2 protein chains.
Amino acid sequence: MELRHLRYFIAVAEELHITRAAERLGMQQPPLSQQIKTIELELDVQLFLRKARGVELTDAGRAFLEEARATLKHLDRAFETTRRASRGEQGRLCVGVTSTTPFHPLVPRAIRAFREACPMVSLTLEECLSNESVDRLRNEQMDVAFIRANSGDGHGLVVTFLLEELMVVALPSAHILAQSKPETTVSLERLASETFILYGPPGTGMYDSTIAACQAAGFSPRIGNLGASTQLAPRITSTLSLVGAGLGITFVPWSLQRMNMEGVAYRAIKGPIRPKATLKLASRRGDQSAVVKQFINFVRKEAKDFAAR
Amino acid sequence: MELRHLRYFIAVAEELHITRAAERLGMQQPPLSQQIKTIELELDVQLFLRKARGVELTDAGRAFLEEARATLKHLDRAFETTRRASRGEQGRLCVGVTSTTPFHPLVPRAIRAFREACPMVSLTLEECLSNESVDRLRNEQMDVAFIRANSGDGHGLVVTFLLEELMVVALPSAHILAQSKPETTVSLERLASETFILYGPPGTGMYDSTIAACQAAGFSPRIGNLGASTQLAPRITSTLSLVGAGLGITFVPWSLQRMNMEGVAYRAIKGPIRPKATLKLASRRGDQSAVVKQFINFVRKEAKDFAAR
DNA sequence: AAAATTCATATCTAATGGATATGGCAATGG
DNA sequence: CCATTGCCATATCCATTAGATATGAATTTT
């Protein structure tokens, strides 16, 4: 049985007239008669009653007509679905974010744009540390990830630079520096004697860049010993909670300022070398998934908007 | 696109290996490669990624695999449905009954047996006078009908005799004849002076046989003038209600005795010529419907049981 | 570096889908 | 009632194309 047979059968069943059906199918009557017979033979079911003036459907024929139509329709849908999938408008996508990346407008904008363009893609977000994301990308537990660390490049992954933003210092609002007007800036050197709270293990996120910035300013930051607390929940929110509790200060990306936490104040940093945070996008090298490609396109587009400024 | 393509695609998608898939399909590798390419070309979608060691599915390929499988399954179901329909196990059937026929056990038995054998057939029953059923059969508003009249034979219908049953007389329970023991029989002649209530117009049901029986017994029955009441609702129940109300007597088929109506008593009839009611089955001559044929078979089977007695 | 694995390409063969010609049968119409 | 017409079936032939064979190219394994 081939699709041709279904098409032929439907034509005849609709015309109830083999000759006319053949015409409609752009073929001659005899081969069409043959093929119809072939179907009946294969199904071992009489589908038509040959009458002197045309043919008519048997009960079985009527049943088959309905089903055959449905089958063809099903197939059409199959094609449509497949094409959508190939255009990356359908499928699954798991996006990794860190705890700080969603605060930069690029991230929600890109995600929103993608969702609108590809509503058939089922999208999941997963919050991980940058290095965790990298692992998950390799294990194919994740398809793309917004990361801040430099780690992960090479080894089967591609990391594209998206943008760079200045860091600001987050202070307890009781801190002397937080008493000044919000617009006042703070020099790095002024922070040399402060206790720093850093989130995540070395190599992750902004740990390194914080240290680097301080060292460029001529001092090594004093890291607050938080015991095991750096292990558990190394999320930006918990770090800022510690800042709010007065245990120390930390640097956060500019975009984090929109997070108004009780007892935390932000101040811009002045000076020749100001610490910066980068936002990057990681994915598997050579990932053929159209969905992933599509998503990356949307992120790049958004990144371009921010680069323009 | 042909079903062959779907089958080939599925084989390759399952093996992820063209050579092995070709083996499984009982063909050589090159033509399979070709056909796969043809599909991709026709869909204008890359379904596989050719790797050094086998192939792998793209997102689109995965989507198509699911759909292609579903399509084939759909088609299988289509075949199954069609075959069922051809065996008369599926479809629609409208059965006509008169108001008296359901009382004979043959009718419910046949219907029940058919229902059990062909549960996929949607069955409707319609209660009509015999002559109405005949009309409806001709208009294809009905497929088979249990009737009692002789009418309808010929003119494109076939009427098969099922069985014959004796008639009994239905009397008001206040009637003198009803005062005797239930087993007592009544001779026809004894009823010569009674008023008869007949249901339905002449030619319908037992109208004719009642008259005929009386005439054979040497008298013409006195027909009660019921005004317009014979026109409306010529159902057996209303006739018996009239009997119960004492307006007259009537003959009903033996099987009607199971209907215990307030104020109505039944007595068997004795004598050389006893009125009889026949039960027949009518259908369209040459109706090809397997469902109808199937139903008729079941009815005949039941009829044989009764004929045996 | 050689061998093996696997898919792609090129060419050829054979199966079969479809065309042409014709026959048979029933309905239609003088 | 016979001739005509309309349609489907059968028989034969041709052309397309699915599939076979042989070979090449690329990569992986040994």
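Here is the naming used below: chain letters follow the sequence lines, and residue numbers restart at 1 for every chain. The analysis underlying the following values was restricted to heavy atoms, covering all of them including side chains, and did not include hydrogens, waters or symmetry mates. Everything numeric in this text was worked out from a predicted model, so none of it was measured.
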Specify the separation, in whole Å, of atom [atom1] of [X] and atom [atom2] of [N].
{"X": "Met1(A)", "N": "dT16(C)", "atom1": "CE", "atom2": "C1'", "value": "16 Å"}
{"X": "Glu56(B)", "N": "dC7(C)", "atom1": "CD", "atom2": "P", "value": "12 Å"}
{"X": "Leu49(B)", "N": "dA26(D)", "atom1": "CG", "atom2": "C1'", "value": "16 Å"}
{"X": "Arg53(B)", "N": "dT28(D)", "atom1": "CZ", "atom2": "P", "value": "9 Å"}
{"X": "His5(A)", "N": "dT16(C)", "atom1": "NE2", "atom2": "P", "value": "11 Å"}
{"X": "Glu2(A)", "N": "dT16(C)", "atom1": "CD", "atom2": "C1'", "value": "12 Å"}
{"X": "Met27(B)", "N": "dT21(D)", "atom1": "CE", "atom2": "C1'", "value": "13 Å"}
{"X": "Gln28(A)", "N": "dC8(D)", "atom1": "CD", "atom2": "C1'", "value": "14 Å"}

- Let me know, please, whether Ala52(A) or Arg50(B) comes out on the 5' side of the other along DNA chain C by nearest nucleotide.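 Closer to the 5' end of DNA chain C: Arg50(B).
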- Taking for each residue the nucleotide of DNA chain C bearing the nearest heavy atom, is the 5' side occupied by Pro31(A) or by Val55(B)?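 Between the two, 5'-proximity favours Val55(B).
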Are any side-chain N or O atoms of [X] and backbone N or O atoms of [Y], one a donor and one an acceptor, separated by less than 3.5 Å?
{"X": "Glu2(B)", "Y": "Arg4(B)", "answer": "no"}
{"X": "Glu42(A)", "Y": "Met1(A)", "answer": "yes"}
{"X": "Thr82(B)", "Y": "Ala63(A)", "answer": "no"}
{"X": "Asp143(A)", "Y": "Cys94(A)", "answer": "yes"}

- Query: Heavy atom of residues 33-40 of chain A under 4.0 Å from DNA chain D: which residues?
  - Reply: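 Those residues whose heavy atoms fall under 4.0 Å from DNA chain D, taken from residues 33-40 of chain A in numerical order, are Ser33(A), Lys37(A).
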- When you measure from every atom of DNA chain D, which of residues 14-24 of chain A have a heavy atom less than 4.0 Å away?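 Per residue number, the list reads His17(A), Ile18(A), Thr19(A).
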- Task: Taking atom types as modelled, find out whether Ser33(B) and Gln29(B) have a side-chain donor-acceptor pair closer than 3.5 angstrom.
- Result: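 Short answer, yes.
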- Task: Would you please say whether a donor-acceptor pair under 3.5 Å links the side chains of Arg148(B) and Thr278(B)?
- Result: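 Absent: no donor and acceptor within the cut-off.
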- Task: Could you please name the option among dG17(C), dC8(D), dA22(D) that lies closest to any side-chain atom of Arg4(A)?
- Result: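 Shortest atom-to-atom distance from the side chain points to dG17(C).
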- Item | By ring pair (Phe, Tyr, Trp, His ring centres under 6.0 Å) - contacts of Phe295(A) (at least two apart) |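 Phe295(A): ring pair (Phe, Tyr, Trp, His ring centres under 6.0 Å) contacts with Phe114(A).
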- Message: Less than 6.0 angstrom separating the ring centers of Phe306(B) and His104(B), yes or no?
- Response: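 So the answer is yes for these two rings.
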- Query: When you check the phosphate oxygens OP1 and OP2 of dA18(D), does a side-chain N or O of Tyr8(B) lie under 4.0 Å from one of them?
  - Reply: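 Result: no.
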- Query: Looking at Arg84(A) and Glu89(A), does any basic side-chain N land under 4.0 Å from a carboxylate oxygen?
  - Reply: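 Salt bridge absent between Arg84(A) and Glu89(A).
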